[in-house]
Amino acid sequence: MKSYAGTIAAGLFAGLLITGGAQAQDKIKIGYAVSLSGPNAAGAAITTIPNYKLWFHDIEAAGGIKLGDKRVPIEVVAYDDQSSNEELIKAIERLVNQDKVDILLAPWGTGMNLAVGPTFAKYGYPQICATCATDHAYELTKRWPNSFWMLGTSTMGANSLVEVLNKLHNAGKINDKVAMVSVADAFGIELANASRPVLAKAGFKLVMDESYPITTQDFSQLINQAKGSGADTFVAFSYPPDTFGLSGTAVALQYNPPAFYTAVGTAFPVYRDQIMKGNEEGVLGIGGVNPDDPKYQEYAKRHMEVTGQQPDRWASPVTYASLQMLQQAIERVGKIDRPAIIKELQTGTFDTVAGTIKLDHNVNTHVWWAGQWQNGEFYGLAPASMNPTHEPIAPKPAWKPAK
């Protein structure tokens with residue numbers, strides 16, 4: 001396990017640090033563990049880490065987090081969880097018991113957040129899960145009332161996907177057959193389990209339903225199987241490396257279903273710019289944004305200026321919104337009183353880059369779940385409650401030859 005506290009203190013966040021033994025709280029110590037290596041590193045590097053960096057920058061620019069009538073700077077301690085649940089739990093234990101942090105930030109991914117949930121709960125730290133979704137969210141909030149689920153539930157995702165597919169099917173753009181694959185990790189298992197009954201209820205037939213290990217690198221067998229399935233719709237509940245691999249393989253093998261949907265990573269700018277290189281048009285995926293929303297535009301501009309990269313078009317604004325909620329809760333309480341901060345998160349209403357958020361029993365229901373690349377932007381299409389500005393298009397344009 002590697003500590004990044006030294007790097008942080010010496011470099012980017014040096015201006016945030018104050019040391020000393022004053023009786024009044026003279027700094028807020030924030031800790032987190034995130035995947036800097038291993039299969040989760042790609043997602044963390046695009047969604048979680050840049051938004052943590054942006055938040056720290058914004059706190060510094062404001063002169064600290066306001067506690068009562070003064071602003072207090074922060075100190076940051078970070079570790080690499082190596083995409084390992086065991087290393088993650090060890091890191092969180094160290095942050096609490098050795099580093100004595102005041103606030104913990106959540107890791108990246110559904111499986112990692114579920115794995116470390118008991119540890120956050122044991123020590124009474126708010127756990128704002130900005131990059132995870134589970135149908136057990138409402139059940140977990142009863143067991144872990146300190147946990148908050150910013151992407152909602154897996155069934156919300158399944159319902160949004162089917163909302164889009166129904167529109168395409170009713171318009172005669174796709175048949176009723178679906179080829180589905182899913183990564184054998186908590187995220188993929190959850191979404192696949194949620195989607196089976198929702199697809200069936202809507203009249204869709206699963207003609208392919210396969211899972212694959214999280215370490216899979218060769219997707220040619222899965223793509224060839226889907227190619228021969230007779231389905232007009234391909235659905236992959238995938239993590240970023242798989243999303244990139246499945247999409248690249250589909251292009252290479254010229255698998256051209258009218259509706260092609262992949263999950264985490266589809267909304268990443270790198271998907272458009274480096275993976276698909278012009279083949280992203282019409283690809284459906286998890287997430288979405290309203291790029292015409294002034295709040296999103298201002299956030300995206302600052303994200304680029306501070307981090308040097310664009311935000312992803314789903315969980316990036318949700319992640320930053322979760323940090324805004326945390327800061328607003330701390331400032332309303334006026335001190336580091338974790339039970340009071342948790343209560344404020346449970347009951348408060350928050351103004352964020354993702355809109356006004358008030359949680360429903362610790363679950364965020366104000367979130368995009370299905371989007372599509374159209375004219376270079378990833379527009380949110382569903383759920384309807386998000387007031388989408390665009391309609392889904394199909395058939396997807398045929399892939400151009402792989403470059």
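Quick note: residue numbers are just sequence positions, from 1.
- Ion pairing between Glu281 and Lys400 fails under the 4.0 Å rule for side-chain N and carboxylate O.
- Here the side chain of Asn279 pairs no donor or acceptor atom with the backbone of Trp399 at under 3.5 angstrom.
- Side chain of Gln346 to main chain of Pro145: a donor-acceptor pair is present (N/O by atom type, distance under 3.5 Å, no hydrogens or angles).
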Audit row: Asp360, Tyr138, side-chain hydrogen bond (donor to acceptor under 3.5 Å, both in side chains) steps and yes/no: CA-CA 9 Å; Asp360 175 32; Tyr138 285 101; 2.7 Å; yes

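- In terms of modelled atom types and a separation under 3.5 Å, the side chain of Ser195 and the main chain of Ala158 share no donor-acceptor contact.
- Within the 4.5 Å cutoff, no side-chain heavy atoms of Leu284 are placed close to those of Lys396.
- Using the six-membered ring where Trp is involved, Tyr32 and Tyr52 have ring planes that are perpendicular, over 60° apart on the 30 and 60° scheme.
- Rounding to the nearest 0.5 angstrom, the gap separating the CH2 atom in Trp108 from the SG atom in Cys129 is 13.5 Å.
- To the nearest 0.5 Å, atoms CD1 (Ile49) and OG (Ser35) are separated by 8.0 Å.
- Ion pairing between a basic and an acidic side chain is recognised when a charged N comes within 4.0 Å of a carboxylate O; Lys90 and Glu87 show such pairing.
- At a threshold of 4.5 Å between non-hydrogen side-chain atoms, the residues Leu199 and Leu165 count as touching.
- For NZ of Lys167, the number of neighbouring non-hydrogen atoms (other residues, nucleotides, ligands) closer than 6.0 Å is greater than 12.
- Within the 3.5 Å criterion, the main-chain N or O of Pro107 finds a donor-acceptor partner in the side chain of Asn113.
- Between Asp351 and Lys295 there is a salt bridge, since at least one side-chain N of the basic residue sits less than 4.0 Å from a carboxylate O of the acidic one.
- Pro257 meets the side chain to side chain contact (heavy atoms under 4.5 Å, CB included) test with Phe234, Tyr255, Phe260; sequence neighbours excluded.
- Ring pair Tyr299/Tyr296 is tilted by interplanar angle, where 30° to 60° counts as tilted.
- Judged purely by atom type and a 3.5 angstrom limit, Glu280 uses its side chain to pair as donor or acceptor with the backbone of Gly278.
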Phe56 vs Glu60, side chain to side chain contact (heavy atoms under 4.5 Å, CB included): CA-CA, chis, key distance, verdict: CA-CA 6 Å; Phe56 301 150; Glu60 179 182 23; over 6 Å; no

Derivation and outcome, side chain to side chain contact (heavy atoms under 4.5 Å, CB included), residues Ile30 and Val101: CA-CA 6 Å; Ile30 298 175; Val101 299; over 6 Å; no

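- A distance of 10.5 Å separates CD in Glu298 from CG in Asp293, rounded to the nearest 0.5 Å.
- Interatomic distance, His169 NE2 to Thr233 OG1, rounded to the nearest 0.5 Å: 9.0 Å.
- Judged purely by atom type and a 3.5 angstrom limit, Gln372 uses its side chain to pair as donor or acceptor with the backbone of Ile393.
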Criterion side chain to side chain contact (heavy atoms under 4.5 Å, CB included) on Asp185 and Thr110, from CA distance to verdict: CA-CA 9 Å; Asp185 185 69; Thr110 299; 5.5 Å; no

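- Between Tyr125 and Leu95, every side-chain heavy-atom pair lies at or beyond the 4.5 Å cut-off.
- The aromatic rings of Tyr271 and Trp373 lie parallel to each other, with less than 30° between the two planes, well short of the 60° mark.
- A donor-acceptor pair is defined here as one N or O able to donate and one able to accept, closer than 3.5 Å; no such pair exists between the side chain of Ser160 and the backbone of Gly157.
- Taking CE of Met386 as the start and OG1 of Thr365 as the end, the distance is 9.5 Å to the nearest 0.5 Å.
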CA sep, side-chain torsions, deciding dist, call: Arg71, Glu331, salt bridge (charged side-chain N to carboxylate O under 4.0 Å, His left out): CA-CA 10 Å; Arg71 290 196 173 272; Glu331 293 185 342; 3.7 Å; yes

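- For Thr262 (side chain) and Gly285 (main-chain N/O), no donor-acceptor pair under 3.5 Å exists by modelled atom type.
- Within a 6.0 Å sphere centred on CG of Asn375, heavy atoms belonging to other residues, nucleotides or ligands number 12 at most.
- Judged purely by atom type and a 3.5 angstrom limit, His303 has no side-chain atom pairing as donor or acceptor with the backbone of Pro317.
- The OG atom of Ser238 sits 11.0 Å away from the CD1 atom of Ile214 when rounded to the nearest 0.5 Å.
- Side-chain atoms of Trp369 come within 3.5 Å of backbone atoms of Leu151 as a donor-acceptor pair (strictly under, hydrogens ignored).
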Intermediate values then yes/no, side-chain hydrogen bond (donor to acceptor under 3.5 Å, both in side chains), Trp55 and Gln327: CA-CA 10 Å; Trp55 186 51; Gln327 183 172 348; 2.9 Å; yes

